[in-house]
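This report concerns only the one structure given below.
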Number of protein chains: 4
Amino acid sequence: MTAPREATRDRILEAAEHVFADKGYHDALVDEVATATALSKGGVYFHFPSKEDLFFAVVDRLADRLISKVERESSTQPTAIGRAEAALTAVFSALGKRRRLARLLMVQGYSMGNAFERKRVELFGRFASLIRQRLDEASAAGEIPPVDTTIVAHIWLGAINELVIRWLYSGEPAPMEALPILRSVLVEGTRASHAGRVAGEAGNG
Amino acid sequence: MTAPREATRDRILEAAEHVFADKGYHDALVDEVATATALSKGGVYFHFPSKEDLFFAVVDRLADRLISKVERESSTQPTAIGRAEAALTAVFSALGKRRRLARLLMVQGYSMGNAFERKRVELFGRFASLIRQRLDEASAAGEIPPVDTTIVAHIWLGAINELVIRWLYSGEPAPMEALPILRSVLVEGTRASHAGRVAGEAGNG
Amino acid sequence: MTAPREATRDRILEAAEHVFADKGYHDALVDEVATATALSKGGVYFHFPSKEDLFFAVVDRLADRLISKVERESSTQPTAIGRAEAALTAVFSALGKRRRLARLLMVQGYSMGNAFERKRVELFGRFASLIRQRLDEASAAGEIPPVDTTIVAHIWLGAINELVIRWLYSGEPAPMEALPILRSVLVEGTRASHAGRVAGEAGNG
Amino acid sequence: MTAPREATRDRILEAAEHVFADKGYHDALVDEVATATALSKGGVYFHFPSKEDLFFAVVDRLADRLISKVERESSTQPTAIGRAEAALTAVFSALGKRRRLARLLMVQGYSMGNAFERKRVELFGRFASLIRQRLDEASAAGEIPPVDTTIVAHIWLGAINELVIRWLYSGEPAPMEALPILRSVLVEGTRASHAGRVAGEAGNG
DNA sequence: GATGAATGAGCCTTCATTCAT
DNA sequence: GATGAATGAAGGCTCATTCAT
């Protein structure tokens with residue numbers, strides 16, 4: 001009944017998502033987005049003030065969706081560490097299923113200049129927060145040691161990121177293959193973590 | 001005896017390293033590199049066939065140095081896992097001490113198009129190999145479980161990468177602060193790793 | 001009786017006068033006029049067929065008012081040359097009191113292309129006519145020599161124009177300061193004018 | 001012997017002079033200048049950083065030449081007022097002989113925005129100075145009353161400007177026809193000038 | 001009368017790359 | 001080895017104008 005207003009804006013976003021994911025920010029042409037939306041270049045500029053704004057809108061939309069999804073999927077676990085692990089799994093699987101999503105969120109735009117660097121910090125900060133919150137709960141519940149959960153969250157996120165990028169570029173290993181190891185290393189590592197010396201140095205101490 | 005041939009080439013590489021690190025690949029102009037080298041644009045092109053080649057030469061030189069350094073520093077530990085950990089430490093500290101190095105190796109060029117993506121795979125592959133070799137030794141020595149060391153190496157590398165980038169952009173946390181946690185989580189996680197189920201799900205099983 | 005029809009048209013004209021005076025023809029956007037009128041772009045186009053037409057309408061309205069005012073103020077003098085001088089004074093003072101008027105009538109649009117050049121001729125022609133008519137009367141009354149009053153009128157107008165523009169851009173001299181000199185030079189010059197040789201050449205003759 | 005360097009720059013300037021005079025600043029395309037110079041667009045930009053800079057360079061060159069010419073031609077008269085009049089004649093004739101010169105110097109660019117307005121002030125200031133200096137000498141020599149020569153110089157310039165523009169647009173009157181009247185009115189007017197009341201008001205006093 | 005989304009033609013500017021000297 | 005003028009292929013963005021509602 002209620003007519004979907006802003007339909008054009010969404011169509012542009014949709015088209016831009018494809019174009020940016022395929023070509024990368026620099027090689028993507030506003031003209032291509034326009035064509036893919038069956039719109040003129042001016043039409044695109046009516047809805048977005050610049051190519052950069054358009055790119056950010058695409059990325060934000062994607063991030064919002066991913067975060068909702070992850071929050072939804074990770075909230076059903078009974079234990080806090082279970083929810084943390086579920087968040088890890090959810091992020092990794094979501095990215096592992098959609099190359100476009102992965103490319104846009106993990107790879108693009110690093111070298112767009114300062115504007116994007118700020119965006120990257122924001123974006124990864126949001127993702128890390130997802131994980132950190134669960135880790136905080138786990139820490140409060142005594143399920144993991146009292147570590148700096150922000151750092152640990154970024155460790156988790158970085159590991160995810162690297163495995164996703166590697167899969168993106170080399171096709172290996174398939175995310176579903178890597179996931180058990182990823183979970184095992186990060187979860188056990190977090191559980192066993194401490195700020196003291198480890199490994200080879202133990203014998204020296 | 002042998003006069004320092006290729007002096008100009010090195011001067012260009014040096015200048016380019018600064019320019020690329022400051023501006024990023026796209027915003028760096030060949031003209032700026034030329035000016036910084038007290039050379040004309042044509043002079044730069046005499047030594048490097050293209051801007052892209054120049055960029056890759058810069059990155060390769062940096063990577064070679066980093067890898068030598070890491071190999072040197074990580075070979076003195078008595079245990080294999082100790083050497084792995086030392087590699088982790090060496091990579092992380094080296095990047096944590098030189099923003100320029102970090103920016104060039106970790107951040108730049110992701111969105112340069114396919115050419116760079118291949119380079120990124122190669123580059124990170126080399127870094128991951130450094131770690132993987134040590135893990136393989138550790139695995140052979142029974143110091144860690146028999147896991148897929150390639151995946152684990154990328155997990156380690158991804159964690160390093162993320163913490164470095166975060167430090168680069170937000171200034172926090174200082175690498176030396178983050179390092180103990182990083183080591184602890186990754187080393188213990190690797191030691192305790194297995195491909196089975198973990199965490200919250202344990203209770204469910 | 002008759003309700004104020006055309007109220008919107010006048011509001012547009014009013015808004016356009018401000019916008020054109022502030023920004024100049026090229027830098028003024030139809031959108032700005034619309035916004036300033038609390039109208040949409042389409043609304044403006046309903047009342048004026050094009051930006052150029054709108055501009056001309058603004059200028060014409062202003063010119064009409066100025067001419068009426070000048071005619072009114074210059075008709076009370078007893079002598080013809082007095083009326084001519086009063087016209088000079090009236091034009092100069094009117095422009096000297098309203099920067100917006102001055103900017104729009106004297107400065108804008110010269111380089112708008114051929115369309116405006118025709119307008120400029122028309123506009124300045126009308127102003128010159130104001131002066132010329134008085135000069136014709138003065139000439140007929142024997143108050144000034146029988147010169148080409150069209151040329152003299154343009155001389156007067158050009159002098160006014162330049163002093164107004166200079167005041168507009170540099171703020172100096174204030175019109176009321178310049179006026180006595182302007183009047184003196186032009187009126188006496190016209191009275192003493194002849195088509196023969198003058199000045200330094202007099203001694204040579 | 002000495003090869004004329006900067007030949008290309010001059011060719012661009014020459015071509016730009018024609019294009020700007022024909023089309024006006026806004027309607028002139030950098031592409032047209034390039035084509036007319038048998039150069040690529042980039043070639044033009046190698047020599048001039050922007051279209052605006054190019055335009056200013058054209059205008060400055062023209063103004064320099066005009067000023068030299070006027071100074072040369074007006075310096076031979078024995079009396080100061082004769083030299084002033086000769087400057088008037090020289091400016092007016094020079095403009096009256098070359099439409100392109102006249103269009104570029106007198107008409108173009110008024111509505112280019114603030115950048116050009118400043119240029120206009122500078123340009124007309126230079127021309128007015130030419131005249132003012134002669135008037136100052138005449139004033140010092142007692143050949144004309146002690147008036148504000150800056151204002152009088154702008155009156156002269158304004159009159160010239162208007163007659164030139166009118167000729168440009170309507171073709172009438174031919175500069176050589178208008179010149180005697182122009183000289184007569186301005187020179188006699190300046191000689192007879194005073195800051196008191198004149199004309200019709202004399203009878204009222 | 002009025003809206004505002006959409007058009008579309010166009011223009012300035014950038015810059016990696018080349019090549020005659 | 002090096003210069004630097006010149007190329008040329010884009011590409012982002014603007015804005016007067018239109019028209020279905």
Side-chain angles (χ1 to χ4, degrees), chain A residues 3 5-9 12 26-34 37-54, chain B residues 5-9 12 25-35 37-55, chain C residues 5-9 12 25-35 37-55, chain D residues 3 5-9 12 26-34 37-54:
Chain A
R5 267 318 98 94
E6 293 305 299
T8 302
R9 193 173 197 279
I12 296 173
H26 274 103
D27 291 340
L29 307 189
V30 175
D31 246 334
E32 293 173 319
V33 175
T37 321
L39 222 52
S40 67
K41 222 191 306 200
V44 173
Y45 275 93
F46 180 80
H47 291 277
F48 298 91
S50 73
K51 183 185 177 182
E52 192 176 301
D53 280 276
L54 174 56
Chain B
R5 265 319 104 86
E6 295 305 297
T8 302
R9 196 174 193 278
I12 296 173
Y25 180 81
H26 274 102
D27 291 341
L29 307 186
V30 175
D31 240 335
E32 292 174 319
V33 175
T35 301
T37 320
L39 223 54
S40 70
K41 235 191 301 201
V44 173
Y45 273 90
F46 181 82
H47 292 277
F48 296 90
S50 75
K51 183 185 176 183
E52 196 175 296
D53 282 278
L54 172 56
F55 181 77
Chain C
R5 268 315 105 88
E6 295 305 298
T8 302
R9 196 174 195 276
I12 296 173
Y25 180 81
H26 273 101
D27 291 340
L29 307 186
V30 175
D31 241 337
E32 292 174 319
V33 175
T35 300
T37 321
L39 222 53
S40 70
K41 236 191 297 201
V44 173
Y45 274 90
F46 181 81
H47 291 278
F48 297 90
S50 76
K51 183 185 178 184
E52 195 175 298
D53 281 277
L54 174 57
F55 181 76
Chain D
R5 263 323 96 91
E6 292 307 296
T8 303
R9 197 175 193 276
I12 296 173
H26 275 101
D27 291 340
L29 306 189
V30 175
D31 243 333
E32 292 174 321
V33 175
T37 320
L39 222 52
S40 67
K41 223 187 308 198
V44 173
Y45 274 92
F46 180 79
H47 290 279
F48 297 92
S50 74
K51 184 185 176 183
E52 194 175 298
D53 280 276
L54 173 56

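Treat the numbers as computed from the prediction; the structure is a model and nothing was measured.
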### Nearest-angstrom distance from the residue atom CG of A:Asp27 to P of F:dA10
12 Å

### Message
Need to verify one output field. Residue with the more 5' nearest nucleotide on DNA chain E, C:Ala38 or A:Gly42?
### Response
C:Ala38

### Task
Any chance you could measure A:Leu54, atom CG, to A:Arg9, atom CZ, to the nearest 0.5 Å?
9.0 Å

### Message
What is the separation between atom CD on B:Glu52 and atom C1' on E:dC15, rounded to the nearest whole Å?
### Response
15 Å

### Task
Nearest whole angstrom, please: distance from the P of F:dT17 to the OH of A:Tyr45.
22 Å

### Message
How close do C:Asp27 and C:Glu32 get, counting heavy atoms only, and between which atoms?
### Response
O-OE1, 3.8 Å

### Task
State which of F:dT3, F:dC15, F:dT7 makes the closest approach to the side chain of D:Ser40.
F:dT7

### Task
Quick one: pull up NE2 in B:His47 and CG in B:Asp53 and give me the separation to the nearest 0.5 Å.
14.5 Å

### Message
Return the pairing partner of E:dT21 with a 3.5 Å limit on both distances, Watson-Crick or G-U wobble; otherwise return none.
### Response
F:dA2

### Query
Which residue lies toward the 5' end of DNA chain F, D:Gly43 or A:Val30, if each is placed at its nearest nucleotide?
D:Gly43

### Query
Between atom NZ of C:Lys51 and atom NE2 of C:His26, what is the distance when rounded to the nearest 0.5 Å?
6.5 Å

#### Entry: Base-pairing mate for F:dG8 - Watson-Crick or G-U, with both contacts under 3.5 Å
E:dC15

### Message
Using OP1 and OP2 only, check whether a side-chain N or O of D:His47 sits under 4.0 Å from F:dA6.
### Response
yes

### Message
Nearest whole Å is fine: how far is E:dC15 P from B:His26 NE2?
### Response
11 Å

### Message
Classify the ring geometry of B:Phe55 against B:Tyr25: parallel below 30°, tilted from 30° to 60°, perpendicular beyond 60°.
### Response
perpendicular

### Task
Return no unless some side-chain N or O of B:Thr8 is found under 4.0 Å from OP1 or OP2 of F:dA2.
yes

#### Entry: Side chain of C:Phe46 - closest among E:dT17, E:dA2, F:dT7
E:dA2

### Task
Quick one: label D:Ala34 by what it contacts on the DNA or RNA (base, sugar-phosphate, nothing), any heavy atom closer than 4.0 Å.
nothing

### Query
Between B:Leu29 and A:Lys41, which has a closest nucleotide on DNA chain E that is more 5'?
A:Lys41

### Query
Can you tell me if the side-chain N/O atoms of A:Lys51 get under 4.0 Å from OP1 or OP2 in F:dG12?
yes

### Query
What integer distance in Å separates B:Phe55:CZ from E:dA16:C1'?
16 Å

### Task
Check the distance between F:dG1's P and B:Ile12's CD1 and give it to me in whole angstrom.
11 Å

### Task
Round to the nearest Å and state the distance from D:Phe48 atom CZ to E:dC12 atom C1'.
16 Å

### Summary
Between CG of C:Asp31 and P of F:dT17 the distance, given in whole Å, is 13 Å

